[in-house]
Every structure is written in C-alpha cells, then in structure tokens.
Protein chains: 2
Amino acid sequence: MIVRVMSTSVPTPEPSESHRKATQTLESTGPAHSVGFTVSTIGHAVAARFGEILAPLGLEPREFALLRTVAVTEGQSQHAIGERLRIPPSRMVAFVDALEAHGLLERRHDPSDRRTRALHLTEGGRELLDRAFAEAVAHERDLCAELSAEEREQLLELLQRVASRLGLPPGVHSAIGQ
Amino acid sequence: MIVRVMSTSVPTPEPSESHRKATQTLESTGPAHSVGFTVSTIGHAVAARFGEILAPLGLEPREFALLRTVAVTEGQSQHAIGERLRIPPSRMVAFVDALEAHGLLERRHDPSDRRTRALHLTEGGRELLDRAFAEAVAHERDLCAELSAEEREQLLELLQRVASRLGLPPGVHSAIGQ
DNA sequence: TATGAATTATTCATTGACGAAATCATCGGC
DNA sequence: GCCGATGATTTCGTCAATGAATAATTCATA
C-alpha cells in the first residue's frame, strides 16, 4: 500500500539497515501496524465516543474532568485547579461559569483571601458526577469487552511503557489544556 | 484518590455487584487504570509530538496524511480523496491550496472530465513526504523503545481488539475529518 | 502604615478553524 | 439543446482559543 511511496522515492543516500527494516515494516503493513498511528486514532475515537456518551447528561468530557477534579480537591481555588489541569485562567472562567450556570458547582469567597474563589460541588453536581462516572465505567467495560482481565492489565502495562517515553503527568488528560 | 467522589456520593439505590467492582477498580487506582483514559491521553500526546516533529518540515499531521494518501492513489480526484479521508469538500480546497502553494502537489485537469481536479505529487512533494515518513518511523521507534518486538506486536494486537469495539475504518485516522 | 510588586479572577479584542449554504463550471441523460 | 446531478470553490456566520489589559486584593518591606 505504502510500498510505492517509499520504493519510488527513497532518496539516493541509502538508509541504515535498522532504518530500512523499520521502514519496510510500515511499508508492507500500512499505518495499522504503527503504534503511534493506532494509539492516536483509537484515542481520538474513544474520546469522541465518550463525548457522545456524556452529551445526554449535558456534559463535555473536559467538564467531566473538571467536575471530577473539583470533587477530589473540594474547596481548592479556581487558580489551583486550573494549574492542576493546565487550563489557563481566562478559560477557567468560562468553564466554571458554565458549570455554575447549570448548578453543578459554586464559587465561594474565601474569607482569608478574598481574591480567590474556592470551588465546591453542589448536591446536583455530585449526583451528575456520579451518573457520569457510572457511564464512564460502562464505557470502559465496553471497550474492554474482548479482553480478559489479564489482557487488560497487560495492555495497560504496555501502554504505560509507551507513556513513559512521552513524559506524561499522571492522572491528567493531555488534551484538557488544549 | 477518587474514592471520596464515589464513596460520598454513590446514590442510595445500590449498584449491581459487577458495577460496584468495576467502579471500585477505577476508584482505587485512578484514571491511569482506565484503558479509555490512558489510550486517549497517550493518543493525544503522540499526535501532539508528531505535530512537533513535522513542524520543521512545514507540515501538519493531517497534511502529511493527505500527502501520503495522494501518493498511494496518485491521480485520484480531489473529491475521491476527500471522501476517502472523510474531509468535507470545502476543507479540501483549503488543504490542497496550502499544499499546492508550497509546491508539494498539483491539481491537474482531467481531459475526460474537466470538473474534477486530479491530484498529483510534485517531485518536491515526494521528497518531503519521504523525509516526513522517515521522521514518522523514527518517532515510532522512539515510542516503542521500551518494548521488545514481541511486546510491540502484542500491544498492537490488543489495541486492535479495542479498536474493533469502535468500528474504526482501517488505515484512516479518526481525527482527520474533524 | 504606606507603597509597590505580585497574585487571582475577569473582561475584551483578535484570531483562526470549521461547517453550511450559495455559486460556478461541467457532465450525463433525455 | 435542456435539466438535474456532480465536483470544486467561495462566502459567511459561529465558536473556541489566545493573549493582553483591567480590577481587586494580598504581601513584602521600608
């Protein structure tokens, strides 16, 4: 499939043996045999589907992430949470505005530092987060339907080794700040 | 970490046993133990890094994909290639404009149907694609640096089983049309 | 305690991407 | 030759992201 690309156009300085081999692998098998390609396509599709799953709840994936973070760090300042999720301040405003408008969380004035707004879940926010969390668990189970428990663990372990090459901060989704 | 979220807020109707177990898994281990979360974070990070790798060549990932597709289907109409990559017509125009402006491909009139524009790589386009392809291969090797050949194959196989749950068209990146 | 620098949240203007619909040229059937 | 269909392009409205300015408050320190 890609053979033609490479075979017709590999430039005159001949590549190293290992390079040639790796290239040939991709040549003969197409993008489906690239870990980078596969993981990024699947990752995008997973995120898209999760977005569809969350849509009926009126949540976007990143709002879910924000809500979840507020839940586990109850009372932190807007700034601190933005820092943690790598969301710039001016965008935090809009996100929190939206969630507050839907009655899911609230800004509270901190008496000791009246510049900051401490974020707290409302009862409704907690309930919605629970429902969304249940959806996420169901989604996870669906994704892994064709894997045994051991295979799932193994997949996670292999993915972690790929992740280690990318220097990803644990627990924070890389897409949330962009 | 997430324990508090669920333990404080799981609503009174108690969930099923299997639900409880799956939920507890995510609770106790955090998002890092979710295949969905992990694969989408890594996928995003991989795509972002690939973008950085391609940037010095003046290419974006989706332009790389477009160029590659033109290379393997040389002479196809703009419409056909857009269909294949699920890129709507009005966006194809802009993409092809940009690549044509950089002298990487050219529109040719088809004498038998003068509505269509057949896309062809230029010499420069072919050379740049080769260089980009070499970068992609190097990127792939870097990502898999901590995997043996067998582990890499196994990772791909496990990912394919996840992909099968998503109904992904083979060989086309799911992000390209959005 | 007064002053200025730093911090937090917010607003505003700009930019750019995206998609939908209108437009233009051309083809094929009748 | 006419008309609907098709491919390519243009135009335009919408929306999100970005970064710079603004306002309120705190902190350091003289």
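To find a chain, count down the sequence lines: A is the first, B the second, and so on, and within it residues start at 1.
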Rounded (10°) bend between the five-pair end axes of the helix from C:dT1-D:dA30 to C:dC30-D:dG1: 10°
Under the side-chain contact (heavy atoms from CB on, under 4.5 Å) test, residues paired with B:S148 that sit two or more places apart: B:E150, B:E151
Residue pairs passing the salt bridge (Lys or Arg N to Asp or Glu O under 4.0 Å) test where at least one lies in residues 163-177 of chain A, sequence neighbours excluded: A:R165-B:D142, A:R165-B:E146
Partner residues of B:I53 under the side-chain contact (heavy atoms from CB on, under 4.5 Å) criterion, sequence neighbours left out: B:R49, B:E135, B:H139
Centroid separation B:F50 to B:F64 less than 6.0 Å: yes
Set of residues satisfying side-chain contact (heavy atoms from CB on, under 4.5 Å) with respect to A:R86, sequence neighbours excluded: A:P169
Under the salt bridge (Lys or Arg N to Asp or Glu O under 4.0 Å) test, residues paired with B:E83 that sit two or more places apart: none
Upstream residue (5' side of DNA chain D) when A:F95 and A:D110 are each assigned their closest nucleotide: A:F95
Set of ring pair (Phe, Tyr, Trp, His ring centres under 6.0 Å) partners for B:F95, sequence neighbours left out: none
Which residues share a side-chain contact (heavy atoms from CB on, under 4.5 Å) with B:S77, sequence neighbours left out: B:H79, B:A80, B:T116
For atom CD1 of B:I87 and atom P of D:dG7, their distance in whole Å: 16 Å
Start and end of chain A contact along DNA chain C [non-hydrogen atoms, under 4.0 Å]: C:dT7 to C:dT11
All salt bridge (Lys or Arg N to Asp or Glu O under 4.0 Å) counterparts of A:R62, not counting sequence neighbours: A:E60
Footprint string (nucleotides 8-16 of chain D, 5' to 3'): B base within contact, S backbone only, - free, heavy atoms under 4.0 Å: SBB------
With sequence neighbours excluded, residues passing salt bridge (Lys or Arg N to Asp or Glu O under 4.0 Å) with A:R108: A:E106
